[in-house]
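Note: hydrogens, waters and symmetry copies are ignored here, and every other heavy atom, side chains too, is used.
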Protein chains: 4
Amino acid sequence: MLLKDLSPSALRVCEAAVGHFAEYGYDASSLNEIAQLAGMRKASLYAHFASKDALFVEVYQRALAQETAFVEQGFAEESGNGLAPGHWLALHLAERYSASAELRFVLRTAFLPPAEIKPIVTSGFEKYLDGVREGFCQALQLRHSWADEQLAVYADAYLGIIDSLHVELMYATPAAYARRATALLKLLDDSLSLQR
Amino acid sequence: MLLKDLSPSALRVCEAAVGHFAEYGYDASSLNEIAQLAGMRKASLYAHFASKDALFVEVYQRALAQETAFVEQGFAEESGNGLAPGHWLALHLAERYSASAELRFVLRTAFLPPAEIKPIVTSGFEKYLDGVREGFCQALQLRHSWADEQLAVYADAYLGIIDSLHVELMYATPAAYARRATALLKLLDDSLSLQR
Amino acid sequence: MLLKDLSPSALRVCEAAVGHFAEYGYDASSLNEIAQLAGMRKASLYAHFASKDALFVEVYQRALAQETAFVEQGFAEESGNGLAPGHWLALHLAERYSASAELRFVLRTAFLPPAEIKPIVTSGFEKYLDGVREGFCQALQLRHSWADEQLAVYADAYLGIIDSLHVELMYATPAAYARRATALLKLLDDSLSLQR
Amino acid sequence: MLLKDLSPSALRVCEAAVGHFAEYGYDASSLNEIAQLAGMRKASLYAHFASKDALFVEVYQRALAQETAFVEQGFAEESGNGLAPGHWLALHLAERYSASAELRFVLRTAFLPPAEIKPIVTSGFEKYLDGVREGFCQALQLRHSWADEQLAVYADAYLGIIDSLHVELMYATPAAYARRATALLKLLDDSLSLQR
DNA sequence: TATGAATGAGTTTTCATTCAT
DNA sequence: TATGAATGAAAACTCATTCAT
């Protein structure tokens, strides 16, 4: 999953595009506006990207790489601070969402991918979620050892929680997000506490 | 929230539109195609609906009403069958999703509402979720009585679970859906079991 | 130039149409809006008029008849009051213009007739102007007798003055109208005074 | 009132548009036909003008500038040839009208401006008329000196005459135009002759 | 006489894309 | 690498008109 080397201009286009796609989605985004934001004319985009699709995919892959790194670093921090498994990410997602156009873009795209490139989007997002699952499983195993089966169940549950929070980010207030995060983490911790 | 009386032709348009909107979303849906599906020409749509927006809103409200009724009936059935609180809906959502264009449309719309009518969409979907919350709380209270605060936490968690399943419906396989449903319901039941 | 007998409904349509045509012109007027104003649906118009053109022509002819009558009565009043020839009309045109949608409609239509019916419009308006000319010539001849040639020159001038005032009505303020009327009538009176 | 620099293609569009607008007016002109006349497709117009309104305004301003220049040059010529004040313009307007689509367009537009841009049209035409007034006043003052008040009255009258001739251009024959011009100029000269 | 439904032709406008420069 | 110009296709929407009821 290596990213292409892009020229400085192409990078500016990506930066402009990620915010635009995040806000309006694929269909309602116009190359014209993206080009303006990047300080060039529409036609010039084609010097950098073969098509709207190609630009979208490139932006998507860069955003995925970035958010995957964010998740990894989050789990590292969590284990350093002795937080309960999966808590760090759940508690920092809201902040990340408002700070990162990339995350907003990834979520919007993953949930409702443009028909033209649905397979690419879906498989990419699955890799992102695999990263989350991986981080969570490692955190769980730091505590004690689990049967594969049990581990899988908790991993499924945790991914479900994260997706639930993703949704809350997209259509609710910060307060509602906090309530949901608290409630779902409580379920998780309660259930884990029964496994002793 | 009474629905308008629509003429037979207008109803045919709604039926055609709900599937189209569910599959392609607002932006990528064309009135031309919807009209064809409804067996008329584009211009004829305007005898029934003032604009694309107006059609979309009408369809959305009808879909919401229908899915709200489905949820209500689900909770009624659950209590009749002695199922654990909230299980019926979680276990039937996938089937419903594949059977009901209305549900697919509602979820797609709620998660990524078209900018033009975001407020209408959001407030409508909140009412739908309130119905879910209401059903779940009543189911919980059939078992034993709860402090308001505890009840609210479990309601938040349950809505989170439902949203999580919504997401899984949109981008995953039936098998993955089942795994997630099992895992999250286990968390819920485990946590509730600690409240004795 | 007899007018048709119209049913009460058809008359209501004419009344609605004259204001609409006067304000928006032929092209920018929509039968839909005219029908609404007349308290019926668009399709019902066709029970009364064969087409948009036919409605327009009917309205035009009624308006012309009405304004022709107004001019006649004006010249009658003028001679009764001993006013200088042509003064009454020049001085009452502004008031009439603001009170009569028919006059506004006639002027708008005469100056820029819709291509489809230009000949009808033009010949109709010429008859209206002939009425003005006739009234003015008679008023002149009440004073003393004129050579045909002289009479024709003054009649041409007077019609020119009236058209000039028509224009001022369409695009200027009442104050500007008054200044122009005063100035042109002064020219007329000065010139007539030289004929003794 | 500087005019934009337009590309050759944009100029071709303007040239095509002025004739079309002059003949059919704003509402009945279609961008499709204008584009054909300019040798391009409809969509290409938008590379040069942001909208139908913008094109119309641009064309209008160019036409106004051109006709203002024509009037100025006319008054210059008049004073060179020793013609009576205001005669040159009155006598050349008909010829100009048939030769200049710009003049036809300006008059049509000024008399019945499209609702969307009425203020722009009106204020522009007033400047044009100010030019006429200015030229006439200077011509008057070459003969002898006038009280401000008298000057204003004759200026009002002269503008009235010009508007009257404008109207005659739009709906009458060349012969009728000549009769009217003769008659009105006679009034003007008679009245001026009384001021010695 | 009135109307709901339908429609063909037309409108302005947007868009992704191409190409010569 | 950048862009001005051009374009085919499609969008939403409007309109005068027809017709069965």
(Q) Within this structure, what is the CD-NZ distance for the pair Gln36(D) and Lys42(D), rounded to the nearest 0.5 Å? (A) 9.5 Å
Q.
Distance check, rounded to the nearest 0.5 Å: Ile34(B) atom CD1 versus Lys52(B) atom NZ?
A. 7.0 Å
Q: Taking all non-hydrogen atoms of both residues into account, name the closest pair between Leu3(C) and Ala65(C) and its distance.
A: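 Looks like CD1-CB, 4.0 Å.
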Q.
I need the minimum non-hydrogen distance between Ala101(C) and Gly19(C), along with the two atoms involved.
A.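 Answer, listing the atom of Ala101(C) first, then Gly19(C): CB-CA, 4.2 Å.
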For [X] and [N], what is the distance between atoms [atom1] and [atom2] respectively, to the nearest whole Å?
{"X": "Met40(A)", "N": "dA2(F)", "atom1": "CE", "atom2": "P", "answer": "5 Å"}
{"X": "Leu45(A)", "N": "dC15(E)", "atom1": "CG", "atom2": "P", "answer": "13 Å"}
{"X": "Leu55(D)", "N": "dT13(E)", "atom1": "CG", "atom2": "P", "answer": "10 Å"}
{"X": "Leu11(A)", "N": "dT1(F)", "atom1": "CG", "atom2": "P", "answer": "12 Å"}
{"X": "Arg12(B)", "N": "dA5(E)", "atom1": "CZ", "atom2": "C1'", "answer": "10 Å"}
{"X": "Phe49(B)", "N": "dA6(E)", "atom1": "CZ", "atom2": "P", "answer": "11 Å"}
{"X": "Arg41(B)", "N": "dA12(F)", "atom1": "CZ", "atom2": "P", "answer": "17 Å"}

Q: Find which nucleotide of DNA chain F each of Lys42(B) and Ala50(C) is nearest to by heavy atoms, and output the residue with the more 5' nucleotide.
A: Lys42(B)
Q: Hey, which sits more toward the 5' end of DNA chain F by its nearest nucleotide, Ala43(C) or Tyr46(D)?
A: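 Result of the comparison: Tyr46(D).
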Q: Return the residues of residues 14-36 of chain B meeting this criterion: a heavy atom under 4.0 Å from some atom of DNA chain F. Order them by number, or give none.
A: Ser29(B), Ser30(B), Leu31(B)
Q: Would you mind telling me which of dG4(E), dT3(F), dT1(F) lies closest to the side-chain atoms of His48(A)?
A: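 Nucleotide nearest to His48(A)'s side chain: dT1(F).
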Q) Ser44(C) side chain: which of dA6(E), dG4(E), dA2(E) is closest? A) dA2(E)
Q) Taking both distances under 3.5 Å as the test for a Watson-Crick or G-U pair, what stems of at least three pairs does DNA chain F have? A)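 Stems for DNA chain F, defined as runs of 3 or more consecutive pairs: E:2-21 with F:2-21.
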Q. Can you list every ring pair (Phe, Tyr, Trp, His ring centres under 6.0 Å) pair that touches residues 23-54 of chain B, not counting sequence neighbours?
A.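 Counting only pairs at least two positions apart or across chains, the ring pair (Phe, Tyr, Trp, His ring centres under 6.0 Å) contacts touching residues 23-54 of chain B are His20(B)-Tyr24(B), Tyr26(B)-Phe56(B).
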Q) Do the rings of Tyr60(C) and Phe105(C) sit parallel, tilted or perpendicular, given the 30° and 60° boundaries? A)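 Taking Phe105(C) first and then Tyr60(C), their aromatic rings stand perpendicular (interplane angle over 60°).
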Q: Name the orientation class of the two ring planes belonging to Tyr171(C) and Phe111(D) (parallel below 30°, tilted from 30 to 60°, perpendicular beyond 60°).
A: parallel
Q. Looking at side-chain heavy atoms only, is the closest gap between Arg108(B) and Leu112(B) below 4.5 Å?
A.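 Contact flag for Arg108(B)/Leu112(B) side chains = no.
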(Q) Checking Arg62(B) against Gln66(B) for the side-chain contact (heavy atoms from CB on, under 4.5 Å) test, could you report, in this order, the C-alpha distance in whole Å, the side-chain angles of both residues, the deciding distance, and whether it holds? (A) CA-CA 6 Å; Arg62(B) 300 183 95 81; Gln66(B) 189 172 307; over 6 Å; no
Q) Does OP1 or OP2 of dG4(E) have a side-chain N or O of Ser9(B) closer than 4.0 Å? A)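 Indeed not, no polar side-chain atom of Ser9(B) lies that close.
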Q.
Closest-nucleotide mapping onto DNA chain E: is Ser7(C) or Lys52(A) further toward the 5' terminus? I mean the 5' end.
A.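 Comparing both residues, the 5'-ward one is Ser7(C).
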